[in-house]
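These numbers come from the heavy atoms of this one structure, side chains and all, not from hydrogens, waters or symmetry mates. On a predicted model such as this, the values are computed, not experimentally measured, just so you know.
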Number of protein chains: 2
Amino acid sequence: MNTRGMNIRPAEPAGKELRPARTNATRQKLFEASMELIGERGAAGVTVDEIAAAAGVSKGTVYYNFGSKADLIAQLLRHGVDILKARLASTGTGTSAGAGMVPGEAASGSGPRPDPLLAMEAMIGQAMDFMAEYPSFARLWVSENWRTPSEWQDTFAVLRAELLEIIGAAIESVAAVYPVDETISRGSLETAIFGACFVVGLDRQTYNPERTRNQSVAAIMAIMRGYVVK
Amino acid sequence: MNTRGMNIRPAEPAGKELRPARTNATRQKLFEASMELIGERGAAGVTVDEIAAAAGVSKGTVYYNFGSKADLIAQLLRHGVDILKARLASTGTGTSAGAGMVPGEAASGSGPRPDPLLAMEAMIGQAMDFMAEYPSFARLWVSENWRTPSEWQDTFAVLRAELLEIIGAAIESVAAVYPVDETISRGSLETAIFGACFVVGLDRQTYNPERTRNQSVAAIMAIMRGYVVK
DNA sequence: CTAACTAAACTGACCAGTCAGTTCAAATAG
DNA sequence: CTATTTGAACTGACTGGTCAGTTTAGTTAG
């Protein structure tokens with residue numbers, strides 16, 4: 001294990017972006033380069049030398065900024081999930097107050113409520129856009145997510161829970177307004193939608209580039225329409 | 001490239017199982033061992049030595065029976081897909097006539113017709129059983145399927161098409177009997193169901209072992225219920 | 001001034017693929 | 001029935017190369 005990088009690096013004093021601009025730029029370049037390479041050939045199939053070269057940085061810099069290859073990948077996963085979470089939250093379906101905020105159910109007088117199904121559709125659309133923009137992240141996710149045991153088991157458990165919580169909240173909103181099939185387990189439903197987003201997005205990228213964003217969204221939304229009882 | 005094994009090995013004269021029993025047993029052991037290991041740690045993360053040791057066979061035997069590590073994995077994929085196809089076809093939803101026929105509603109002249117939705121449900125159930133029985137195969141599939149470029153690109157394209165054809169036929173049967181939402185692209189729908197089977201099955205295995213087979217099937221079936229118009 | 005970074009050499013482990021040699025069951029010969 | 005041969009199946013030490021991670025002495029930029 002490397003101890004030098006971890007020790008010398010300024011302790012990131014619990015605050016946010018107090019890092020020098022140069023470091024942030026370097027880390028960003030490393031994220032982009034490794035996202036691309038690892039998405040294409042897998043975590044084990046890419047060397048640290050390659051990542052450094054692709055980022056236009058020396059190998060030592062990788063170890064200066066990250067303690068190890070595994071550490072770089074763990075932070076890469078967190079980075080990607082933060083982006084995805086921001087996209088999903090932007091539709092206002094999440095738990096925290098997003099853009100198109102929805103007040104309580106009983107007429108609280110402050111504006112019209114958006115249809116939760118439409119919000120869901122918007123969220124799935126955001127997910128599809130994310131998959132199209134960061135296909136390498138999606139590939140990394142599905143490649144490593146179900147590995148057991150894996151170096152990133154704990155990382156995945158945390159990140160997965162964060163994402164499922166957002167989807168769960170959106171489903172909750174639908175269930176609060178529409179009559180739904182209560183025999184369908186909420187957890188399984190979240191998983192099915194979550195997984196369908198990744199798989200449909202990746203499949204479009206890899207095998208069916210001619211399929212439109214809307215076709216993909218519609219296919220996934222069939223799950224929700226089947227959840228709402230007739 | 002290894003030439004010896006390929007040349008010396010009897011030319012497998014287009015027939016079926018003319019292979020000596022020893023070889024078949026060895027190949028079977030190698031399939032099982034490599035399925036397990038590769039599913040856990042990924043194709044690049046497993047060494048040929050490990051596979052040989054796990055199969056209780058020497059490394060040379062691997063190269064005698066398969067030309068290379070990549071070749072072994074390609075044949076492993078084919079092996080797994082053949083098993084899955086057999087399971088799916090057993091529900092009678094495929095192109096060929098299968099076993100468990102379900103008495104249906106519109107009585108046609110030639111015996112009872114199965115309800116295509118029930119057949120679909122049976123098929124998804126078979127898929128879930130397969131994922132539970134061969135989780136390592138599922139992991140291998142999702143790990144390597146969307147890699148581009150990959151050593152098994154062509155293999156995946158062929159196998160994927162074979163599986164999607166079976167799902168497509170099942171959807172076709174439903175659309176022939178029920179009114180469906182024609183605005184939903186058939187291809188995207190196939191992909192969504194296909195992907196959901198893998199992801200829900202794997203997620204159950206990895207994160208939610210307490211979820212039942214039926215819960216999983218029900219969640220995936222929501223897609224079909226949403227496809228059938230109300 | 002110092003944190004961030006560079007460049008290049010180095011270590012030690014690991015690994016895909018090779019190949020000369022061994023085993024043994026079945027075929028053939030005596 | 002026994003001896004000999006054959007060759008497919010298998011063995012495992014070995015080779016050439018790769019790679020994660022380390023180290024060091026110096027350079028750059030804020």
Side-chain angles (χ1 to χ4, degrees), chain A residues 1-13 15 17-31 33-34 37-38 41-74 76 151-152, chain B residues 1-13 17-31 33-34 37-38 41-76 151-152:
Chain A
M1 256 304 163
N2 179 350
T3 53
R4 181 169 163 260
M6 311 276 269
N7 291 342
I8 288 188
R9 198 162 61 226
E12 180 107 19
E17 305 292 342
L18 300 182
R19 284 181 160 295
R22 193 155 50 127
T23 293
N24 281 334
T26 298
R27 294 180 142 240
Q28 185 62 34
K29 279 191 297 182
L30 281 170
F31 278 150
S34 49
L37 289 172
I38 292 174
R41 311 213 304 272
V46 175
T47 70
V48 175
D49 288 283
E50 280 176 308
I51 293 171
V57 135
S58 82
K59 186 182 184 176
T61 299
V62 176
Y63 284 91
Y64 182 81
N65 281 281
F66 304 92
S68 66
K69 186 186 181 185
D71 194 36
L72 162 63
I73 292 172
L76 182 61
E151 238 165 333
W152 305 287
Chain B
M1 253 305 169
N2 179 348
T3 53
R4 180 167 164 262
M6 310 276 270
N7 291 342
I8 286 188
R9 201 162 57 226
E12 181 105 21
E17 303 292 342
L18 299 183
R19 256 172 194 306
R22 192 154 49 128
T23 294
N24 280 335
T26 298
R27 290 168 79 94
Q28 185 62 33
K29 279 192 297 181
L30 281 169
F31 278 150
S34 50
L37 289 171
I38 292 174
R41 312 214 304 270
V46 174
T47 71
V48 175
D49 288 281
E50 282 176 307
I51 293 171
V57 135
S58 84
K59 186 180 192 176
T61 299
V62 176
Y63 284 92
Y64 180 81
N65 281 281
F66 304 93
S68 66
K69 188 184 180 185
D71 192 38
L72 163 62
I73 292 171
Q75 294 195 39
L76 183 61
E151 238 164 334
W152 306 287

All salt bridge (charged side-chain N to carboxylate O under 4.0 Å, His left out) counterparts of B:E151, not counting sequence neighbours =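 None.
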Please list, by residue number, the residues of residues 46-54 of chain B whose heavy atoms come closer than 4.0 Å to an atom of DNA chain C; answer none if no residue qualifies.
->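 Going residue by residue through residues 46-54 of chain B, the ones with a heavy atom under 4.0 Å of DNA chain C turn out to be B:V46, B:T47, B:V48.
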Test side-chain hydrogen bond (donor to acceptor under 3.5 Å, both in side chains) applied to [X] - qualifying residues, sequence neighbours left out:
{"X": "A:K59", "value": "A:D49"}
{"X": "B:K69", "value": "none"}
{"X": "A:Q28", "value": "A:E32"}

Starting from [atom2] on [N], measure out to [atom1] on [X] and report it in whole angstrom.
{"X": "B:L30", "N": "D:dA9", "atom1": "CG", "atom2": "P", "answer": "13 Å"}
{"X": "B:Y64", "N": "C:dA20", "atom1": "OH", "atom2": "C1'", "answer": "16 Å"}
{"X": "A:K59", "N": "D:dT24", "atom1": "NZ", "atom2": "P", "answer": "16 Å"}
{"X": "B:Y63", "N": "D:dT15", "atom1": "OH", "atom2": "P", "answer": "17 Å"}

Using side chain to side chain contact (heavy atoms under 4.5 Å, CB included) as the criterion, list what pairs up with A:A74, not counting sequence neighbours.
-> A:W152, A:T155
Any donor-acceptor N/O pair under 3.5 Å between C:dG17 base and B:K69 side chain | no
4.5 Å side-chain heavy-atom contact, A:I51 and A:T47 = no
Can you find a side chain N or O atom of [X] that sits less than 4.0 Å from OP1 or OP2 on [N]?
{"X": "B:T61", "N": "D:dT11", "result": "yes"}
{"X": "B:T26", "N": "D:dC10", "result": "yes"}
{"X": "A:N65", "N": "C:dC5", "result": "yes"}

